[in-house]
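Below is one structure; the comments refer to it alone.
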Protein chains: 2
Amino acid sequence: MAERGRPRKGAARLSREAIRAAALTVTEDEGVAAVGMRSVARRLGVDAKSLYHHVEGKDGLLDAVAEHVLAGIGLPEPVGVLEDDLRAFAWAFRRAALAHPQAATLVLTRQLPSAVALAPVEAVLSVLRKAGAAPEEAVHLLRSLLAMVIGSLLREAGAGPAFGVTDAEAIARREEELTGAGLAETAPFLARCDHEAEFAFAVDFATEAVAARLRR
Amino acid sequence: MAERGRPRKGAARLSREAIRAAALTVTEDEGVAAVGMRSVARRLGVDAKSLYHHVEGKDGLLDAVAEHVLAGIGLPEPVGVLEDDLRAFAWAFRRAALAHPQAATLVLTRQLPSAVALAPVEAVLSVLRKAGAAPEEAVHLLRSLLAMVIGSLLREAGAGPAFGVTDAEAIARREEELTGAGLAETAPFLARCDHEAEFAFAVDFATEAVAARLRR
DNA sequence: ACCTGAACACCGTTCAAGT
DNA sequence: ACCTGAACACCGTTCAAGT
């Protein structure tokens with residue numbers, strides 16, 4: 001018998017990894033709002049209830065996706081120059097988060113089990129400590145930097161207030177509105193938002209401030 | 001006839017404001033996840049479908065709540081000292097967002113119609129311009145500060161990665177974990193997270209960096 | 001103008017039953 | 001050990017009908 005032991009409907013062998021991969025596919029194809037037990041199960045040719053044997057409900061499923069995206073971060077090797085090293089970590093985080101644009105919001109807004117986030121945290125703290133930060137100060141600086149990075153990426157992921165637009169025709173309209181609202185000088189810059197340039201500015205600004213502080 | 005013209009079920013006169021207020025109540029009482037057309041309508045003693053005459057679906061409802069919370073910001077009068085003024089704006093934003101703790105996440109993560117956010121933006125830009133920032137620089141700095149404030153508050157609202165806990169008994173356990181993970185020095189500070197102190201540090205850090213930059 | 005009955009096409013999750 | 005049928009208690013939204 002050719003189909004001995006094979007699941008009836010041609011469903012692939014179910015596993016936590018397969019489910020997480022399918023959830024990520026649904027996220028990127030249809031948006032994070034479309035992710036659910038039923039839609040993910042459909043991708044796998046399986047009944048929604050089967051997923052409960054491998055993940056802890058919908059929340060567990062979303063956590064698994066966020067965890068996986070964050071785990072994809074490629075930690076840079078520190079070179080010993082504080083500014084460069086902090087910058088490198090920030091850009092590595094951005095690269096990991098935006099590797100799956102629709103899923104980015106999950107990494108940014110879900111409370112992640114500390115285990116996955118531990119390696120990056122440890123790396124940044126080590127760099128700060130070596131640059132002369134006291135333990136408590138290092139933690140404060142880490143949290144400040146992380147807040148700025150997350151806030152920036154949240155704006156970029158479209159889940160946060162933008163005060164700016166990228167698409168070309170909308171900018172002109174937006175600029176006119178702002179000009180009419182007493183923001184004539186700043187309107188041209190407020191109307192548009194180049195997310196990458198904005199991220200670069202914020203990261204440079206913050207890392208230089210950290211360096212200046214620790215130099216003192 | 002006593003009940004001429006009166007709605008059958010004792011429902012209050014329905015209006016956008018009443019609906020928005022009910023939604024805010026549901027949010028604070030049962031969490032933002034519990035907010036829906038049906039739960040809000042139930043509060044008002046009305047059918048869920050009636051809400052569609054006053055708000056644009058569930059998304060419009062949540063936008064209305066976020067908008068209202070942000071509108072509650074009390075804009076401080078600038079005193080002319082850059083650090084003090086920027087700090088005051090940051091704390092005013094925090095106060096408005098956390099006035100309704102459960103709803104805070106809505107202000108932080110929803111793309112708000114610019115109209116409501118315009119007044120605070122204008123105020124901060126004006127302060128930065130008067131301190132000598134060029135128009136483009138002022139916009140970059142505004143966005144950097146806002147990112148840091150939003151990232152910090154998102155952590156505080158429990159919707160972002162925390163790397164820390166507030167409740168007393170959990171801290172010890174957390175600290176032990178972290179110590180065992182090669183973070184012995186920083187563990188005591190990483191294990192706990194005093195959100196207000198953390199916000200204060202980040203805001204002071206950022207505003208002083210802005211001041212130093214513009215002094216140059 | 002405003003509200004609702006009926007209806008549609010969905011949800012996440014439990015549990016007992018199957019293999 | 002893993003999968004599912006039946007079932008439960010929900011969703012948001014449309015539209016035609018009522019007042």
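We name chains A, B, ... by the order of the sequence lines, and we start the count at 1 in each one. The basis for the numbers below is simple: all heavy atoms, side chains too, and nothing from hydrogens, waters or symmetry mates.
- B/D59 has its side chain within reach of B/R110: a pair of non-hydrogen atoms, C-beta onward, lies under 4.5 Å apart.
- The side chain of B/S50 contributes no N or O atom lying less than 4.0 Å from OP1 or OP2 of C/dC2.
- D/dA16 and C/dC3: their C1' atoms are spaced 13 Å apart (whole Å).
- Remark: A/R94 is positioned above the aromatic ring of A/F199, its terminal NZ or CZ atom under 6.0 angstrom from the ring centre and at most 45 degrees off the axis.
- What separates CG of B/L44 from P of C/dC3 is a distance of 10 Å, to the nearest Å.
- Residues B/Y52 and B/G57 approach most closely at CE2-CA, 3.8 Å, considering heavy atoms.
- You'll find the side chain of B/P188 reaches within 4.5 Å of the side chain of B/E175, heavy atoms only.
- Counting to the nearest Å, the P atom of C/dC11 and the CG atom of A/D59 are 17 Å from each other.
- A 6.0 Å sphere centred on CD of B/E30 holds more than 12 heavy atoms belonging to other residues, nucleotides or ligands.
- Side chain of B/R38, nearest nucleotide from C/dT13, D/dT4, D/dC11: D/dC11.
- Between the side chain of B/H53 and the base of C/dC2 there is no donor-acceptor pair of N/O atoms closer than 3.5 Å.
- The CG-C1' distance, from B/L51 to C/dA1, rounds to 16 Å in whole Å.
- Distance, A/K58 NZ to C/dT14 P: 15 Å, rounded to whole Å.
- With A/H100 as the partner, the side-chain contact (heavy atoms from CB on, under 4.5 Å) test is satisfied by one option alone out of A/T27, A/V69, A/V65: A/V69.
- Contacts between residues 21-33 of chain A and DNA chain C, counted as heavy-atom distances below 4.0 Å, involve no residue at all.
- Taking the side chain of B/K49 as heavy atoms from C-beta on, and the options C/dG12, C/dT4, C/dC15, the nearest nucleotide is C/dT4.
- The existence of a salt bridge linking B/R174 and B/D167 is excluded, since no basic side-chain nitrogen approaches an acidic carboxylate oxygen closer than 4.0 Å.
- Of the side-chain N and O atoms in B/H54, one or more sit less than 4.0 angstrom from OP1 or OP2 of C/dC3.
- Within a 6.0 Å sphere centred on CZ of A/R192, heavy atoms belonging to other residues, nucleotides or ligands number 12 at most.
- You'll find that the side chain of A/D47 is closest to D/dT4, out of C/dT4, D/dC11, D/dT4.
- No engagement by A/R16 is indicated, since no non-hydrogen atom pair under 4.0 Å with the nucleic acid exists.
- When each of D/dT4, C/dC3, D/dG12 is scored by its nearest atom to the side-chain atoms of B/Y52, the top-ranked nucleotide is D/dG12.
- Distances shown here put every side-chain N or O of B/R42 at or beyond 4.0 Å from the OP1 or OP2 atom of D/dC10.
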Pairs under 3.5 Å (Watson-Crick or G-U), crossing ones as [ ], inter-strand ones as |: DNA chain C comes out as ||.|||||...|||||.||

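- Annotation: B/E56, atom CD; neighbour count of heavy atoms from other residues, nucleotides and ligands within 6.0 Å does not exceed 12.
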